[in-house]
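Okay, so here's the structure we're looking at.
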Amino acid sequence: MAVDTTTAAPSHPEGGDGGGEAVRPLLSGAPAEEEEEELDIRYAPYARRDAYGPMGRGPLSSAQVARLVLAGVVLLPLRLIAGMLLVVAYYLVCRVCTLFAGGVGEGRPRLQGLKREAVLRAGRVLSRAMLFVFGFYWIPVSDRSFPNAEDVPKDHSEELERPGAIVSNHVSYVDILYHMSASSPSFVAKNSVSKLPLIGLISKCLGCIFVQRESRCSDSKGVSGAVTERLHEVSQDENSSMMLLFPEGTTTNGDYLLPFKTGAFLARAPLQPVILRYPYRRFSPAWDSMDGARHVFLLLCQFANYMEVVRLPVYYPSEQEKQDPTVYASNVRKLLATEGNLVLSNLGLAEKRVYHAALNGNSPRALHQKDD
């Protein structure tokens, strides 16, 4: 495990009020090479180092352009059609299984028995098929999920408690597809997702927690409260799907691990740590500093993509960790960093937004004022 000593950039440019100069866009005109290198070092967890450069707009050779054009004409349409057919197929499975089922309008269909099993099995199979369509033909998994007896706390030695959630580093939206193919977990999503065509019903059948992130009303239990409530439910009901949680709160380039939010650890429940890595040759599947449409285009235009998975033993919190969620989160984070050879960074979502503002030529000061 390595520790990143990079410090966050100042949130506001130097100078008097209104006198700070906006950060120059890296990708328009002829940016200074030292400025680009300085930003990449300062915001290392979000810097792209693949052949397509920052934001996927770096200069390409004629051979790379020709390869993209060919893939865009032949490979891209086939993958888009196949992907859409898989989504429709899963939607139809969910639609059939929720016929006459209660709870659909409430956001969580009450599925039992064969109906629930059909939704989960179809989700695993079709998610793996979607990964295949995206070019992840073979995914090696190193499974260390069976703990040694001496690794289990004494108070859990007789009866192992079921983990309430999968805790994973966050690199790309592809992460969700893998976890769905492996264990069909539920996850946290914006309330607007529940209203999307096709995806809305699918997410409801998976038991997702829908939250209004912008709402700060006193009667709202918030994301952490909803997650804690669900984790307690999972530990008591074998028919409840485990949660999928990304404690970093945002994606990185896959080489770093950001500080963990404590929401996943408030329930004091055991967790299943999983590490995802994305080796690459030309295009990195990491969704760090690139808009979604461009990322999907480049991902689907690459014939083969790669993913490696490490499933660690279930992590049972000690009494000290149960009493202090911050300690619990810190220890799990250190474990993931050590086992995944990831660099610990003290940056977070705020610094990522500043970095994106610099790439787009916007003023970091204006960005922070907008967030406030």
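Atom CG of Leu359 sits about 10.5 Å away from atom CE of Met290, to the nearest 0.5 Å. Interatomic distance, CD1 of Ile275 versus OG of Ser142, reported as 9.0 Å (0.5 Å rounding). If you take CG on Leu201 and CZ on Arg95, they are separated by 5.0 Å, rounding to the nearest 0.5 Å.
Arg79 places a side-chain N or O within donor-acceptor distance of the main-chain N or O of Val133, the cut-off being under 3.5 Å. When atom types are taken as modelled, the side chain of Asn169 and the backbone of Gly254 share no donor-acceptor pair closer than 3.5 angstrom. Side chain of Lys352 to backbone of Thr251: a donor-acceptor contact under 3.5 angstrom is found. Side-chain N or O atoms of Ser284 include none that pairs as donor or acceptor with a backbone N or O of Asp50 at under 3.5 Å. Of the possible polar contacts, one joining the Thr338 side chain to the Lys334 backbone as a donor-acceptor pair under 3.5 Å is found. Of the possible polar contacts, one joining the Tyr328 side chain to the Ala269 backbone as a donor-acceptor pair under 3.5 Å is found.
Inspection of the Tyr355 and Asp40 side chains reveals an N or O donor paired with an N or O acceptor under 3.5 Å.
A salt bridge links Asp255 with Arg277; the closest basic N to acidic carboxylate O contact falls under 4.0 Å.
Environment of CZ in Arg281: sparse, with no more than 12 heavy atoms of neighbouring residues, nucleotides or ligands closer than 6.0 Å. By the neighbour-count criterion of 12 heavy atoms within 6.0 Å, atom OH of Tyr280 is densely surrounded, having more than that number from other residues, nucleotides or ligands. For Leu99, the CG atom sits in a packed shell: over 12 heavy atoms of surrounding residues, nucleotides or ligands are nearer than 6.0 Å.
Between Tyr137 and Phe303, the gap from one ring centroid to the other is short of 6.0 Å.
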- Message: Tyr173 vs His295, test: ring pair (Phe, Tyr, Trp, His ring centres under 6.0 Å). Steps then yes/no.
- Response: CA-CA 10 Å; Tyr173 49 81; His295 191 278; 5.1 Å; yes
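In terms of hydrophobic clustering, with Ile, Leu, Val, Met, Phe, Trp and Tyr side chains grouped at heavy-atom distances under 4.5 Å, Leu86 and Val119 are assigned to a common cluster.
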